[in-house]
Amino acid sequence: MDATIKKQLEITACKVRLGIIEGVFNAKSGHPGGSLSIADMLTYLYFAKMNVYPDKPDEPSRDRFVLSKGHTAPALYSTLAEKGFFPKEELKSLRHVGALLQGHPCITIPGVDMSSGSLGQGISAACGMALSGKISGDTYKVYTVLGDGEIEEGQVWEAAMFAAHYKLDNLVAVVDNNGLQIDGKISDVMSPYPIKEKFEAFGWHAIEINAHDFDEIDKAFNEAETVSGQPVVIIQKSTKGKGVSFMEDQVGWHGTAPNKEQYDQAVAELSAKLKELEG
Amino acid sequence: MADVIKKATRESYGEALAALGDKYDNLYVLDADLAAATKTGIFKKKFPDRFFDCGIAEANMMGVAAGLAATGKIPFASTFAMFAAGRAFEIVRNSIGYPHLNVKIGATHAGISVGEDGATHQCNEDIALMRTIPGMTIINPADDVEAKAAVEAAIQHNGPVYMRFGRLAVPVFNDPATYKFELGKGIKLRDGKDIAIIATGLMVNEAIEAAKVLEAEGVSATVINIHTIKPIDEDIIVEAAKTTGLVLTVEEHSIIGGLGSAVSDVLSAKQPTKLVKIGVNDEFGHSGPAVELLKQYGLCADNIVKTAKAAVAAK
């Protein structure tokens, strides 16, 4: 990947992370850990991959995105705000009464293509959108991001079967493998491993990457575009809470908001990182 | 009545889809390995490229339907009522109802008239479940003519619709030449003064037959067909209650949460009136030929007559 573009993506991802912290802190609830682990992926999708139009969010030819792991809405909202779908100010009223930004993604929010949050459902809707594109000969692509705990849901595998059966090569699913779910390590709670082999057995083309390396992300999507007749899954090994030292790899930060002191520290760390990147 | 034509509304569903497929080229059909039973196979035969089998995976099918609708298609997701409203309830709620997507759910084999398959497949809860989803339209047609009209009305309505069809062949009493389906509007089939019988689905014909018997026995009954259970026609219910002062609801569904409950909601708020409910009581069904089961559970003209007479006598 071009070094300038990579640097710009790193800067944007840092801003997205700041927005996540802003949103969750002001909401006094929400899911920072899994939001931070997908910040780089969403930044890549919205700033380097997808054809989307903040001034025309419903443009029919746009690429679609479904956040199947809907509880990490702060990451999606922060990315959409950064992209210009709505003012960043909205992040401060996330989860508040009468606010635009609901606790989980809602289709009425500009830039949100599907309501989600009940785990296992987003991937099915993404399959429907991909099938729809195939039926009509549309060229748009459909992207969805799932959690590694989420794939314990049986519906995910119904959808996995469906996508392969109908050869949905316009669909890319990302599994965010941060290794933690609410009750602990996914390997302790209900192991979904081996993830790659499972998807391959279901007929998918599977790619494993480091979630926090834009070169690897870019390479994976370039590979995905060469795949024909099969859906593609990108299993990204990520760090829950990535970017905020005290949240990293801590299951306790799955669904807890930072207090003022923690918020200040998180903002300080991310701001320092941003300053360093912006040189 | 030897010349009465009988037809299952699931047949009407499949035939209507196939007939309307020409007119509405945006119509697509999904099924979950039951195309032969739900009769979507009729559509599949005519439009193989617009039919997608989802296999035995109803949850995913509802989500796929949501995705199709979100990209401008009109999908009909078809399976048995037990799996459409039961197994897939939460997907219907969260992936179709909450985003208010234009998905049509064709739920066949509703009620105990499924027959021999027994309790696991006899869904007496679907209306109750679907009524709780905000923005969901629920249609329970009474015969072939109404079922076909309902399918087109569902296409013309923008939003999620749950349509309930039966396995059992039932009399076709509506005249296709004069029948008019209006979403959300009940149909008064008979005017009476002693009692208002409000029925839905295959019980409408039984209510008509019962009213004839009642008349011969000196009881004058209004008969109303409520094909759209949500949104319900409040005016026709209130008017009938005012005229007769006594209401009897009849449905092939649990007495909890179905037509009877919906009518009760209207009456208690707008026109407090004594209400008697005929439906499946708080119990599961069991195996047996459909017609025998309907009789056993009191879902027949005889029981409507008996119940109506007792209610009128107690007035």
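Residue numbers begin at 1 in each chain, while the letters A, B, ... track the order of the sequences.
At a 4.5 Å heavy-atom cutoff, the contact between B:D53 and chain A is made by backbone and side-chain atoms alike. Contacts between B:E90 and chain A at a heavy-atom distance below 4.5 Å involve backbone atoms as well as side-chain atoms. Looking at B:I96, there are no atoms closer than 4.5 Å to chain A (heavy atoms on both sides), in backbone or side chain. For chain B, no part of A:E153 is nearby; none of its heavy atoms comes within less than 4.5 Å. In this structure, the portions of A:A159 lying under 4.5 Å from any heavy atom of chain B include both its backbone and its side chain. Heavy atoms of B:F52 lying under 4.5 Å from chain A belong to its backbone as well as its side chain.
Of all heavy-atom pairs between A:Q121 and B:I91, the closest is OE1-CA, 3.6 Å. Nearest heavy-atom pair across B:L68 and A:G128 is CD2-O, 3.5 Å.
No more than 12 heavy atoms of other residues, nucleotides or ligands shown are found within 6.0 angstrom of NZ on B:K44. The number of heavy-atom neighbours closer than 6.0 Å to NZ of B:K46, taken from other residues, nucleotides and ligands shown, is above 12. For CZ of B:R50, the number of neighbouring non-hydrogen atoms (other residues, nucleotides, ligands) closer than 6.0 Å is greater than 12. Surrounding OH of B:Y24 are more than 12 heavy atoms belonging to other residues, nucleotides or ligands, all under 6.0 Å away. Counted within 6.0 Å of CG on A:D55, heavy atoms from surrounding residues, nucleotides or ligands total more than 12; the atom is thus considered enclosed. Other residues, nucleotides and ligands contribute only 12 or fewer heavy atoms inside 6.0 Å of the NZ atom of A:K167.
Counting heavy-atom pairs closer than 4.5 Å to chain B, the top residue among A:G133, A:G122, A:C127, A:S118 is A:S118. Chain A forms the most heavy-atom pairs under 4.5 Å with one residue out of B:C54, B:A70, B:A66, and that residue is B:C54. For the set B:R93, B:M62, B:K73, the entry with the most heavy-atom pairs within less than 4.5 Å of chain A is B:K73.
Taking the side chain as every heavy atom from C-beta outward, A:C106 and B:Y98 approach each other to under 4.5 Å.
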Query raised in the report: Does the pair A:I135 and B:D49 meet the rule for a side chain to side chain contact (heavy atoms under 4.5 Å, CB included), with working shown?
Result: CA-CA 8 Å; A:I135 290 168; B:D49 297 340; over 6 Å; no
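Residue A:M114 holds its CE atom at 5.5 Å from CG of B:L101, rounded to the nearest 0.5 Å. Interatomic distance, B:T71 OG1 to A:D113 CG, rounded to the nearest 0.5 Å: 10.0 Å.
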